[in-house]
Colleague: 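Sharing a structure here in structure tokens format.
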Amino acid sequence: MGRVEIIRWRPEYELELLELWEREGLYREEVDLALDEDYVVIDTPPPYPSGPWGVAQAAHYAQIDMVARALRLLGYKVLVPFYADRNGLPAEVAAEKAYSIVAHEMARTPEGREAFLKLVSKLLDENEEALVRVWKRLGCLFDYWREGTDSPRYRAMTQATFIEMWKRGLVYRDVKPVQWCPRCRTSLAEAEIDFVKEEGRLYYVKFRVLETGEDIVIATTRPELLAACGAVIYNPRDERYKHLEGKHAVVPVYGHAVPILAHEMARPEYGTGLAMMCSYGDVRDLIFFKEQGIQPRVVVEKGGTMSELAGPLRGLRVAEARQRIAEMLRGEGLLVKEEEVVHEVPVCWRCKTPVEIIHVEEYFLRQLDFKDDVLRVADSMEFYPVEHKEKLDLWVRSLAMDWPISRTRYYGTELPIWTCARCGHAILPEPGRYVRPWKELPPVDSCPSCGAPRDAIVGESRVFDTWFDSSVTVLYVVNWLEKPDVAIKALSKAVRPQGYDIIRTWLYYTTLRTWLLTGRAPFRWVRITGMGLDEKGRAMHKSLGNVIYPEPYLERYGADAFRFWSAVASKLGSDYRWSEATVRSGLLFATKIVNIARFVTSFEEPRSGISLRPLDRAMIAYAARVAREVAEAYGRLDVYEPTLKLYHLVWDVFASSYVEMVKPRVYRRAGFKDAEVAGAVHTLYRVLRLSLKLLSPIMPFVCDYVWRSVEGGPVARGRLTEEDLGDEGGDPRLMERVVELNSAVWKWKKERGMRLSERIEGVLYLPEELRDVIEDVKHFHNIREVVVGKPETWDFEMGPGVHLKLS
RNA sequence: GGGCCCGUCGUCUAGCCCGGCUAGGACGCCGCCCUGACGCGGCGGAGGUCCGGGGUUCGAAUCCCCGCGGGCCCA
């Protein structure tokens, strides 16, 4: 085969290889889910095309590619699809911003809604293109599927899962209090609520006790909810208010009387120790009203304005209403005190608008009934690292309400449902086709329940929560819609790679839904990665302005160098910190590999007449041991340990010791037999090949480049073989001893200011276990004589059992 | 306020479950040196209160308790 001629690894070589890979069709591996046995399906996270990737996401996808390539090396066929998650709010919000439009206004007519969807789709296309460019540049061999989560194919599947669940009674419609984002005009699941610290004001408001006429003072951050006040509470242990038991408080401004109750929820140290319970200030209120059976009065409307019940505040936005009521109370002398406080406010995780709790009719998926099942299913999956499984278990146990799955938005999968306006009967289509009820006629001519005519049947206009779409990605990948039997088999060969931040959402919902739909676990393996941090160790956020983008580094150091960083930045599951220095190390490593190959390929590879010396066997056995360890780690979906082990093998053991030691032999300076010269060259090629194979998942470019010279063809087609793992009867520990010995001799020469090639006039005594490498050591270090044993007297002790006697 | 996880040189980490040699390695830093594959490296050095405190023990980074700090989740 050819010789490697280059001296330095350069990112430009990667660009040439990328074209080659494209021509050779390396991006798609044909996997027959029904007939093949040894395959793995990767449930690649479909990224949200809402902007360019930072180094953290880039690293995440690079790792997915490493895992895929590693599994191929181990002999599996691997299906790694890539498609985009194109549903949901962020894209809508981005489009609203980019084109200065308001979705709710445009969507008043079907034509307007259609036009809005086109704009969102266009924006998504542009962003998706940028993402594809990056992963290609990173060397990821993903199978690019153009049909993302907004494709008719995907949406038909999402709708089919809904229809199935509806038929089984797993979905129901109900009017109940839900957490609602007034900005997005949609209800939110528990997983979609974030908490932010906010500076606010604590208002001390004077109430009157109906029975006694005395004044009591209640502290609240939300005086605008006075109209919704349903009770006043104090803590049962709080002696100050014992006498109020059973009496009533008159709500200022509104004048209605509410009961005063003793309740554990009141915190004596907060404000005055008296709290007003309103429908609804927060989730605690919700629980309280339900528990006490008090009729709620909802004073906030869907758009975030105050309702009729709020009287003088009617029509105002919540924040304005708070100002206004404070002024009114102040004017009437009912505001005793105001304090600046910092409190935690629940907000919509997407747009950060404070959440309100209001009554709306939504569709709910039953989840509280299946907690135990989900926990059991979770137990059946292999988590890497296992610590993160705890997060899923805890989340499942903490769930308190069913999952509201409908959203009043537009760029999403429509609920496939029509409702009879006359009798309320729900009409669902047959599964398999993507339907849009807001613009399509119902699949029946009249209501099957009451016989109402077709024009009395109304199409649902809402769409699904994006997690309802996203939680069936794995079913999409295994083609559950068309071949459910095959899909179920494929689930047992599926891997889920994802960050720990979306365990409570993506992983949980996927587990729940897959179990409900198939009765199976969604995955065999779950691989959890940490979060990307900037060089100072802070999480990277657009809002912090500390996001680092990969492109300039890919240009300067190349994709292999970048991948090297992403592999060694942290062990699996831990947060990983950006480090340009490590990227640079990656490039130097690539250069090292190229130069080893340059040296090795300067010799013709012998095909026969080979005689291996014990040193050669030791090197082969050592490399084989590393290969077994690396294979084992790859089997655990780990790339961190393999990279460090290979770095050590290639650099410290192979390049620094073995390669240097055989130079006297291959340059024919030392009178070794021809067959032994051939043995050294054979070993050089063999260890080089094995190293390339093992390292190719991590640094595919440089490995592929060299592989084509020494072996021909793409390294991506290489598989680890029995021969690779064979040790030729050598002892890996001998190699370790040799490395130690070399180090000791180098140190000794160094301390005397000798050149490393300078002759040592004396006799080196080695311990028995180094007997077999006497000749190699003698020529390598240029020592007059090397023998086994321990002399009576010696001049230096270089290491355990290593003595030097000068002549 | 509660639950869970984590805390080892500047950085990433090994060791912790199953207490025991001067807490090991890698990257980075400093000094010296080399170079017939490679300005690539080799050798040496600086750098660690193993988060703090207490306890158990002949002996604790490791086991127990109490704090502190960080993260995630829930109130």
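Numbered from 1 within each chain, the chains take letters A, B, ... in sequence-line order. This structure is a prediction, so every number in the text was calculated from the model and none was measured. These numbers come from the heavy atoms of this one structure, side chains and all, not from hydrogens, waters or symmetry mates.
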Colleague: Tell me which nucleotide among C74(B), C40(B), G28(B) gets nearest to the side chain of Arg504(A).
Modeller: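 Per side-chain heavy atoms of Arg504(A), the pick is C74(B).
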Colleague: C1' atom, C50(B) versus C40(B): distance in rounded Å?
Modeller: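 Straight-line distance between the two C1' atoms is 35 Å.
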Colleague: I'd like the P distance from G7(B) over to C16(B), given in whole Å.
Modeller: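 About 13 Å, rounded to a whole number of Å.
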Colleague: Between Tyr647(A) and C27(B), is there a side-chain N or O to OP1/OP2 distance below 4.0 Å?
Modeller: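 Tyr647(A) to C27(B) OP1/OP2: side-chain N or O found under 4.0 Å.
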Colleague: In this structure, how many angstroms lie between the C1' atom of C74(B) and the CG atom of Leu392(A), rounded?
Modeller: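 So the CG-C1' distance, Leu392(A) to C74(B), works out to 15 Å.
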Colleague: Could you check how far CH2 of Trp395(A) sits from C1' of A75(B), rounded to whole Å?
Modeller: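 Atom CH2 in Trp395(A) sits about 12 Å away from atom C1' in A75(B).
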Colleague: Any strand is fair game: report the nucleotide pairing with G1(B) by Watson-Crick or G-U wobble, both distances under 3.5 Å, or none.
Modeller: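 Base partner found: C74(B).
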Colleague: Side chain of Asp652(A) only, please: which of C27(B), G42(B), C40(B) is the nearest?
Modeller: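 My answer, after comparing the listed nucleotides, is G42(B).
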Colleague: Quick check: does any side chain N or O of Ser657(A) sit under 3.5 Å from a backbone N or O of Val739(A), one acting as donor and the other as acceptor?
Modeller: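 No; judged by distance alone, with no hydrogens or angles, the pair does not exist.
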Colleague: Do the side chains of Glu711(A) and Arg689(A) get close enough for a salt bridge, i.e. N-O under 4.0 angstrom?
Modeller: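 So Glu711(A) pairs with Arg689(A) through a salt bridge.
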Colleague: In whole angstrom, give the distance that lies between atom CE of Met277(A) and atom C1' of A75(B).
Modeller: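 Those two atoms, CE and C1', are 13 Å apart.
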Colleague: Rounded to whole angstroms, how far apart are CZ on Arg584(A) and C1' on A26(B)?
Modeller: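 Spelled out: CZ on Arg584(A) to C1' on A26(B) is 15 Å.
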Colleague: Regarding Ile503(A), tell me which of base, sugar-phosphate or nothing describes its non-hydrogen contacts under 4.0 Å with the strands shown.
Modeller: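 It contacts nothing in the nucleic acid.
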Colleague: Using a 4.0 Å heavy-atom cut-off across all strands, classify Ala569(A) as base, sugar-phosphate, or nothing.
Modeller: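 The answer is sugar-phosphate, as Ala569(A) gets under 4.0 Å only of primed atoms, P, OP1 or OP2.
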Colleague: Return whichever of Glu660(A) or Leu644(A) has its heavy-atom-nearest nucleotide of RNA chain B closer to the 5' end.
Modeller: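 Comparing both residues, the 5'-ward one is Leu644(A).
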Colleague: Whole Å only: how far is the OH atom of Tyr500(A) from the P atom of C73(B)?
Modeller: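 So the OH-P distance, Tyr500(A) to C73(B), works out to 9 Å.
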Colleague: If you measure from the P atom in U11(B) to the same atom in G59(B), how many Å do you get, rounded?
Modeller: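 Nearest-Å result for U11(B) against G59(B) at atom P: 33 Å.
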Colleague: State whether Glu632(A) and Lys645(A) are salt-bridged, where the test is any N-O pair (Lys NZ or Arg NE/NH1/NH2 against Asp/Glu carboxylate O) under 4.0 Å.
Modeller: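 Result for this pair is no, no salt bridge flagged.
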Colleague: Taking atom P of C43(B) as reference, at what distance in whole Å does atom NE2 of His781(A) sit?
Modeller: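 In whole Å, C43(B) P lies 11 Å from His781(A) NE2.
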Colleague: Paired with U56(B): which nucleotide, if any, by Watson-Crick or G-U wobble criteria at under 3.5 Å for both distances?
Modeller: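 Partner of U56(B): none.
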Colleague: Please report the distance separating the C1' of G24(B) from the corresponding atom of G1(B), rounded so that it comes out in whole Å.
Modeller: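 Straight-line distance between the two C1' atoms is 43 Å.
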Colleague: Assess whether one donor atom and one acceptor atom, taken from the side chain of Lys391(A) and the base of C72(B), lie less than 3.5 Å apart.
Modeller: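 Donor-acceptor pair under 3.5 Å: no.
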Colleague: Counting the benzene-type ring for Trp, do Tyr553(A) and Trp565(A) have ring centres under 6.0 Å apart?
Modeller: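 So the answer is no for these two rings.
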Colleague: Looking only at atom types and distance, does a side-chain atom of Gln57(A) sit under 3.5 Å from a main-chain N or O of Gly54(A), one as donor and one as acceptor?
Modeller: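 Yes, Gln57(A) side chain to Gly54(A) backbone: donor-acceptor pair under 3.5 Å.
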Colleague: Taking 4.0 Å as the cut-off, does a side-chain nitrogen or oxygen of Arg669(A) come that near to OP1 or OP2 on G36(B)?
Modeller: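 No, because none of the side-chain N or O atoms of Arg669(A) sits under 4.0 Å from OP1 or OP2 of G36(B).
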Colleague: Only pairs with both distances under 3.5 Å count, Watson-Crick or wobble alike; so what is the partner of G69(B) in this structure?
Modeller: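 Pairing partner: C6(B).
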Colleague: Can you tell me, in whole Å, how much space there is between the P of G28(B) and that of C72(B)?
Modeller: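 Straight-line distance between the two P atoms is 31 Å.
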Colleague: What integer number of Å spans the P atoms of C51(B) and A46(B)?
Modeller: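 It comes out at 23 Å once rounded to the nearest Å.
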Colleague: Between U62(B) and U49(B), how far apart are the two P atoms, rounded to whole Å?
Modeller: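 One P to the other, the span is 16 Å.
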Colleague: What nucleotide among C38(B), G39(B), C27(B) has an atom nearest to a side-chain atom of Arg8(A)?
Modeller: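 From the listed options, G39(B) comes nearest.
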Colleague: Want to settle it: does Asn595(A) or Tyr640(A) sit nearer the 5' end of RNA chain B, counting the closest nucleotide to each?
Modeller: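 The residue closer to the strand's 5' end, by nearest nucleotide, is Tyr640(A).
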Colleague: Taking a pair as Watson-Crick or G-U wobble with both distances under 3.5 Å, which nucleotide is matched to U62(B)?
Modeller: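 Base partner found: none.
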Colleague: Rounding to an integer number of Å, can you tell me how far Tyr658(A) OH sits from G41(B) P?
Modeller: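 Interatomic distance, OH of Tyr658(A) to P of G41(B): 22 Å.
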Colleague: Using the C1' atom as the reference point in each nucleotide, state the distance between G25(B) and U8(B) in Å, no decimals.
Modeller: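 Between the two C1' atoms, the distance is 13 Å.
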Colleague: Can you check the Trp746(A) CH2 to C32(B) C1' distance for me, whole Å?
Modeller: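 Going from CH2 in Trp746(A) over to C1' in C32(B) covers 17 Å.
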Colleague: Describe the nucleic acid contact of Val659(A) in one word from base, sugar-phosphate, nothing, applying a heavy-atom distance below 4.0 Å.
Modeller: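 Val659(A): base contact, heavy atoms under 4.0 Å.
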Colleague: Short question: side chain of Trp9(A), backbone of Ala590(A) - any donor-acceptor pair under 3.5 Å?
Modeller: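 Such a contact is absent between Trp9(A) side chain and Ala590(A) backbone.
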Colleague: Please report the closest heavy-atom contact between Leu684(A) and Tyr658(A), naming both atoms and the distance.
Modeller: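 Minimum heavy-atom contact is CD2-CE2, 3.7 Å.
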